[in-house]
Amino acid sequence: MNTLADILRRRIAHTGPMTLAEYMAECLLHPEHGYYTNETVFGAEGDFVTAPEISQMFGELLGLALAQAWMDQGAPAPAVLAEAGPGRGTLMSDMLRAMRPVPGLLDALDIRLVEASPKLRAKQKDTLSNHHVSWLETVRDLPEAPLFFVANEFLDALPIRQFVRRGQAWSERLVREDGDRFAVALTEPAPFAELDHRLADTRDGDIVEYCPSLPFVVSEIAGRIARNGGLALLVDYGDWRSRGDTFQAVRDHQPVDPFAAPGTADLTAHVDFEAIARVACAEGTRTTPMVSQGLFLEHLGITQRAQSLARAMPNPKAMEEHIAAHRRLTHPQEMGSLFKAIAIHPTGAPTPAGFET
Ligand code: SAH
């Protein structure tokens with residue numbers, strides 16, 4: 001049988017060890033064997049549960065934050081509402097429901113979804129059947145218009161490279177074949193300009209990650225916001241500056257070896273929020289401080305929304321689940337502090353909702 005492992009082993013045998021980014025891209029997006037091409041990835045039945053799948057409150061609050069920015073910026077029409085990596089389409093659907101009462105907003109919006117997986121596109125089409133939406137391959141194809149953008153757990157799926165500090169240079173960690181397994185190989189140390197600034201805060205032997213596509217993704221989004229206005233809300237697993245080996249595989253809600261059975265587990269790495277801010281600034285936009293997801297949702301009024309939904313809970317079991325979902329999204333020991341949020345906005349626009357200090 002031709003598994004993804006066979007394909008990757010053959011490739012390595014022909015062309016030598018591959019970067020972790022190449023390995024990760026193949027595992028996630030290979031057109032035949034990629035994880036997002038094949039698996040039922042989300043929800044209790046899938047491998048992991050994301051914030052919008054935990055509670056409708058997540059999408060509603062993010063939708064209202066975007067609506068507030070749209071009003072603050074003079075209700076531009078037409079405007080683009082875009083999401084990258086929309087999964088099952090739940091976040092977009094909850095955002096649109098929350099936006100409906102805002103006069104003129106839904107009519108002004110041209111809704112675009114950036115999604116690589118055909119299977120998930122079909123699922124999104126189903127979820128959003130009441131709306132006119134269209135799909136894009138990459139953020140580069142977004143129209144040139146005011147851009148109201150959201151991405152949750154999208155940037156952590158972008159492939160990363162890993163480097164180990166050796167003196168004033170870096171050895172890259174590559175994927176090699178080792179019999180019927182994969183293992184890590186190290187390159188000879190060499191300078192790597194993109195990580196020059198990390199020589200100041202790392203020591204010999206430290207691992208630092210670099211996401212080569214992140215600057216392209218962020219500059220496309222920030223460039224549109226700088227030229228046309230808008231707001232981007234980015235929520236993800238990560239921190240300010242990447243530190244250490246955060247490459248991980250999850251299957252069936254459990255961590256697994258990322259090199260065993262490629263294509264069958266979700267692969268992610270922590271997002272470096274400083275890298276987002278650096279690119280956004282270079283494009284002439286501003287970023288908010290990075291805040292924890294818990295604080296962000298509190299500022300957006302999750303407690304009030306939770307109380308109001310609680311009054312409509314049909315039975316004690318639903319009520320119990322509702323309380324657990326609120327806690328899961330916000331509590332520091334759950335998703336509340338592991339996940340972070342940052343916003344990209346035009347210079348001169350008011351501070352986006354949820355980021356007031
Ligand atoms: N935002 C959703 C899903 C997160 S999973 C949620 O919160 O539930 C990651 C999503 O990004 C999936 O929809 C996956 O198919 C998509 N994706 C991953 N890499 C991508 C890429 N390079 N281009 C476009 N979509 C990508």
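Index from 1, following the sequence. Excluded from the calculations below are hydrogen atoms, water molecules and symmetry mates; all remaining heavy atoms, backbone and side chain alike, are included.
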Is any side-chain N of the basic residue among [X] and [Y] closer than 4.0 Å to the acidic one's carboxylate O?
| X | Y | result |
| --- | --- | --- |
| Arg165 | Glu172 | no |
| Glu188 | Arg166 | no |
| Arg241 | Glu274 | yes |
| Asp141 | Arg112 | no |

Linking I/L/V/M/F/W/Y whenever any side-chain heavy atoms sit under 4.5 Å apart, do [X] and [Y] land together?
| X | Y | answer |
| --- | --- | --- |
| Leu66 | Ile225 | no |
| Ile54 | Met313 | yes |
| Tyr237 | Tyr210 | no |
| Met99 | Leu62 | yes |
| Val139 | Leu147 | yes |

Is there a side chain to side chain contact (heavy atoms under 4.5 Å, CB included) between Ile276 and Leu234 once you walk through the steps? CA-CA 9 Å; Ile276 298 174; Leu234 307 173; 3.8 Å; yes
Could you check if a side-chain atom of [X] sits within less than 4.5 angstrom of a side-chain atom of [Y], using non-hydrogen atoms only?
| X | Y | answer |
| --- | --- | --- |
| Asp201 | Arg198 | yes |
| Arg328 | Val49 | yes |
| Leu267 | Gln248 | no |
| Val150 | Val235 | no |
| Leu81 | Met95 | yes |
| Met57 | His322 | yes |
| Leu174 | Leu186 | no |
| Leu20 | Val184 | no |

Walk me through it: do Ile111 and Leu96 pass the test side chain to side chain contact (heavy atoms under 4.5 Å, CB included)? CA-CA 10 Å; Ile111 305 169; Leu96 289 167; 3.8 Å; yes
[X] side chain vs [Y] backbone, donor-acceptor pair below 3.5 Å:
| X | Y | value |
| --- | --- | --- |
| Thr285 | Ala280 | yes |
| Asp204 | Gly167 | yes |
| Gln124 | Gly87 | yes |
| Trp70 | Pro76 | yes |
| His131 | Val133 | no |
| Thr37 | His33 | no |
| Ser55 | Phe58 | no |
| Asp236 | Val271 | no |
| Asp6 | Thr3 | yes |
| Glu209 | Thr246 | yes |

Please report the shortest heavy-atom distance between [X] and [Y], naming the atom on each side.
| X | Y | answer |
| --- | --- | --- |
| Leu64 | Ala98 | CD2-O, 3.4 Å |
| Pro143 | Asp110 | CG-OD2, 4.0 Å |
| Leu214 | Ala275 | CD2-CB, 3.6 Å |
| Cys211 | Ile160 | CB-CG2, 3.9 Å |
| Leu231 | Ala65 | CD2-O, 4.1 Å |
| Pro78 | Ala145 | O-CB, 4.5 Å |

Go through Gln293 and Lys340 one step at a time and tell me if the side chain to side chain contact (heavy atoms under 4.5 Å, CB included) criterion holds. CA-CA 5 Å; Gln293 173 173 302; Lys340 311 288 194 310; over 6 Å; no
Measuring from atom [atom1] of [X] to atom [atom2] of [Y], what distance do you get when rounded to the nearest 0.5 angstrom?
| X | Y | atom1 | atom2 | result |
| --- | --- | --- | --- | --- |
| Asp94 | Glu60 | CG | CD | 6.0 Å |
| Glu53 | Thr90 | CD | OG1 | 3.5 Å |
| Thr202 | Leu195 | OG1 | CG | 8.5 Å |
| His326 | Gln307 | NE2 | CD | 8.5 Å |
| Ser134 | Arg121 | OG | CZ | 9.5 Å |
| Ile221 | Ser219 | CD1 | OG | 8.5 Å |

Glu144 atom CD: more than 12 heavy-atom contacts under 6.0 Å: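 Result for CD/Glu144: enclosed.
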Does CZ in Phe216 sit with more than 12 non-hydrogen atoms of other residues, nucleotides or ligands closer than 6.0 Å?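 No - once you tally the heavy atoms of other residues, nucleotides and ligands closer than 6.0 Å, there are 12 at most.
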For a quick check under 3.5 Å, do [X] and [Y] share a side-chain donor-acceptor pair by atom type?
| X | Y | result |
| --- | --- | --- |
| Glu298 | Thr303 | yes |
| Thr19 | Glu22 | yes |
| Tyr36 | Asp266 | yes |

Looking only at the aromatic ring of each residue, does the gap between the centers of Phe192 and Phe163 stay below 6.0 angstrom?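 Distance test on ring centres: under 6.0 Å, yes.
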Tell me, with the steps shown, if Arg97 and Asn130 meet side-chain hydrogen bond (donor to acceptor under 3.5 Å, both in side chains). CA-CA 11 Å; Arg97 192 180 56 255; Asn130 292 332; over 6 Å; no
Within 45° of the ring axis of Phe182 and under 6.0 Å from its six-membered ring centre, is that where the NZ or CZ of Arg9 lies?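 The answer is yes, since Arg9 meets both limits relative to Phe182.
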Determine whether Arg286 and Ile344 satisfy the following criterion, side chain to side chain contact (heavy atoms under 4.5 Å, CB included), listing intermediate values before the conclusion. CA-CA 6 Å; Arg286 295 187 58 193; Ile344 302 173; over 6 Å; no
Geometric class of the Phe355/Phe296 ring pair [parallel <30°, tilted 30-60°, perpendicular >60°]: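 The arrangement is tilted - the two ring planes meet at 30° to 60°.
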